[in-house]
Student: 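Could you have a look at this structure, given as structure tokens, before my questions?
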Amino acid sequence: MLSEESAAVVRATLPAVAGALDEITTRFYGAMFRDRPELLDGLFNRGNQASGAQRRALAGSIAGFAQALLADPDTRPDALLARIAHKHAAVGITDDQYTIVHKYLFGAIAEVLGDAVTPDVAAAWDEVYWLMAGALIAREARLYQEAGVLPGEVWRPWTVVERHEETRDVVSFLLRPADGRPAPPARAGQYVSVRLRMPDGVHQLRQYSLSSDPGDDLRRITVKRVAGEAGAPDGEVSNLLFEQVGTGDELTLSAPFGDVSLDDADTPLVLISAGIGCTPMAGMLARLAATGSGRRVLVLHADTSPDDHALRAEVRETVDRLPDAEAVFWYERPGAEEPGARTGLMDLTGIDVPADSTVYLCGPLPFMRAVRGQVLKAGVPPRRVHYEVFGPDLWLPEAA
Ligand SMILES: Cc1cc2nc3c(=O)[nH]c(=O)nc-3n(C[C@H](O)[C@H](O)[C@H](O)COP(=O)(O)OP(=O)(O)OC[C@H]3O[C@@H](n4cnc5c(N)ncnc54)[C@H](O)[C@@H]3O)c2cc1C
Ligand code: HEM
């Protein structure tokens, strides 16, 4: 709980702190990586550092958390904390690291805000930081325990038993544990981190959703190679996986984590995706088929063309096997392979989305924003609409 004195100080200084968060987080990461370069090797995603996405996610989450505390000092914004804790667990964060982050974050705050950071102001924000850190540390401890691993020790070697080209830009890897132990438990919709050594020797982590039934001994990830746009470089991990990893190779994977996973209700399900956002949906569908689910399932997917639509045939087949499932696809450039598909961007007009559905969304943020609006208009309450962002979540803090 945030003390009353601190709440007053945080309320008075929130606009100044929030306004300076961009500069604060830039300085924070700069100083931390200068003093602790090992954190950039095998922990932080340097693509997200370069694009500034991680900085904005960190800043947004702190401001969102502070705002939630001011609205209700006893509250803990659940969705925000769950998203961060799962991501932290998937990269193996340990509680001692919160002291390092604290040191550099508060050093940056003092530098940027200067004399405005009186001892009272520093103490109040310290309280906010440790309330948030404490909540995250507790959640992360629980996640490690549930995964049956020691804190931070999430990594295991896996062998690629099959590589399958899905489209010209998307490849799937079927994986088996290389240490002879059973595959760890996972829920449909969850993801793993892949840890790769890059050509310059630095290790990088990226998350990939499980695209096959997580109840299986074998696990599958499906990766789209990211092309750099407007002069930006090509995505480094996805292109390395696409170009250099094949059958027989070994990959280092984290235990599965992720707060967005298939519920076990029997109400209708609506799985909505665009592009490579189809992967968690494919995992959920495979799970439904494996468990003989009779749920009403509506699969809605938008893509550039049938040729670019990864896992298209598999999704169709799975939908056909389920007793009460239906799929509708939208393509910007339709093709003869999917004669019933609609043309253009996804538009839910005329699609029956039952108000008691659980809805899962995955795709680019503008796509999810637009479709979420349509789903809410159809009468589905916001708490039933779940979404996965394939990058730092810049949407969630707004809702905290
Ligand atoms: C929960 C979750 C699940 C995911 N599931 C999947 C999945 O199932 N399948 C899948 O394919 N992906 C998935 N992703 C995305 C995946 O984790 C990676 O983000 C993706 O593969 C790109 O990684 P990369 O290393 O290739 O790109 P990066 O090198 O990280 O680059 C990412 C972007 O930043 C840009 N960039 C890099 N450096 C710079 C620079 N210096 N200046 C400007 N821009 C720059 C790049 O052009 C690119 O657009 C998921 C992500 C999350 C968080
Ligand atoms: C109160 C303290 C912290 C807050 C508020 C915080 C917040 C966040 C947020 C918002 C994200 C992005 C989540 C998403 O993907 O949507 C994130 C990811 C991450 N955090 Fe933290 N974090 C904290 C502490 C730490 C600590 C102690 C470390 C360890 C050094 C750490 C390392 C990371 C890493 C490596 C990622 C993934 C980065 C990426 O993929 O770009 N965080 N954190």
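Both ligands and their constituent atoms are indexed starting at 1 by order of listing.
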Student: Students should be able to answer this: which protein heavy-atom is nearest to atom 31 (O) of ligand 1, and at what distance?
Tutor: G235 CA, 3.9 Å
Student: Could you check whether any side-chain heavy atom of Y129 comes within less than 4.5 Å of a side-chain heavy atom of L105, counting everything from C-beta outward?
Tutor: yes
Student: With respect to atom 43 (C) of ligand 1, which of A310, A90, G47, A232 exhibits the smallest heavy-atom separation?
Tutor: A232
Student: Checking contacts here: is it the side chain or the backbone of R83 that comes within 4.0 Å of ligand 2, counting heavy atoms only? Could be both or neither.
Tutor: side chain
Student: Any idea which of Q54, E388, Q97 brings a heavy atom closest to atom 17 (C) of ligand 2?
Tutor: Q54
Student: Using a 3.5 Å cut-off on N or O atoms only, is Y191 in polar contact with ligand 1?
Tutor: no
Student: Which atoms of ligand 2 sit under 4.0 Å from any heavy atom of K87?
Tutor: 14 (C), 15 (O)
Student: Do the ring planes of F257 and Y144 sit parallel (below 30°), tilted (30 to 60°) or perpendicular (above 60°)?
Tutor: perpendicular
Student: Of the backbone atoms (N, CA, C, O) and the side-chain heavy atoms from C-beta on, which set of I93 has a member under 4.0 Å from an atom of ligand 2: side chain, backbone, both, or neither?
Tutor: side chain
Student: Would you check the N or O atoms of S51, main chain and side chain alike, for any that come under 3.5 Å of an N or O of ligand 1?
Tutor: no
Student: Does R220 pair with E314 as a salt bridge, N-O distance under 4.0 Å?
Tutor: yes
Student: Looking at D393, which atoms of ligand 2 are within less than 4.0 Å of one of its heavy atoms?
Tutor: 14 (C), 15 (O), 16 (O)
Student: Classify the contact between E388 and ligand 1 as side chain, backbone, both or neither, using a heavy-atom distance cut-off of under 4.0 Å.
Tutor: side chain
Student: Show me which atoms of ligand 2 lie under 4.0 Å from any heavy atom of M132.
Tutor: 5 (C)
Student: Would you say N48 contacts ligand 1, with heavy atoms under 4.0 Å as the rule?
Tutor: no
Student: Is the CG atom of D266 crowded by more than 12 outside heavy atoms at less than 6.0 Å?
Tutor: no
Student: Counting only nitrogen or oxygen atoms and a 3.5 angstrom limit, does K87 reach ligand 1?
Tutor: no
Student: Which option wins on minimum heavy-atom distance to atom 50 (C) of ligand 1: R206, K224, Q207, R46?
Tutor: Q207
Student: Establish whether atom 33 (C) of ligand 1 and some protein heavy atom are separated by less than 4.0 angstrom.
Tutor: no
Student: Only heavy atoms of A57, strictly under 4.0 Å: list the atoms of ligand 2 that pass.
Tutor: 10 (C)
Student: Take atom 4 (C) of ligand 1 and look for protein heavy atoms under 4.0 Å from it; say yes if you find one, no if not.
Tutor: yes
Student: Looking at Q145, I want to see if its CD is surrounded by more than 12 non-hydrogen atoms of other residues, nucleotides or ligands under 6.0 Å.
Tutor: no
Student: Is V375 reachable from W330 through a run of hydrophobic residues whose side-chain heavy atoms are each under 4.5 Å from the next?
Tutor: yes
Student: Given T279, L241, T222, V223, which one has a non-hydrogen atom that is nearest to atom 9 (N) of ligand 1?
Tutor: T222
Student: Should one rank L80, I84, I137, L39 by closest heavy-atom distance to atom 8 (C) of ligand 2, which comes out on top?
Tutor: I84
Student: Nearest heavy atom to atom 39 (C) of ligand 1: which of A230, P233, G189 does it belong to?
Tutor: P233
Student: Taking the basic N atoms (NZ, or NE/NH1/NH2) and the acidic carboxylate oxygens, is any pair closer than 4.0 Å for E23 and R27?
Tutor: yes
Student: Please identify which atoms of ligand 2 are closer than 4.0 Å to at least one heavy atom of V101.
Tutor: 26 (C), 27 (C), 28 (C), 30 (C)
Student: Where does I276 meet ligand 1, judged by heavy-atom distances below 4.0 Å: at the side chain, the backbone, both, or neither?
Tutor: side chain
Student: Quick one: which ligand 2 atoms are inside 4.0 Å of a heavy atom on S61?
Tutor: 5 (C), 7 (C), 10 (C)
Student: How many angstroms lie between CE in M284 and CG in L288, if you round to the nearest 0.5 Å?
Tutor: 9.0 Å
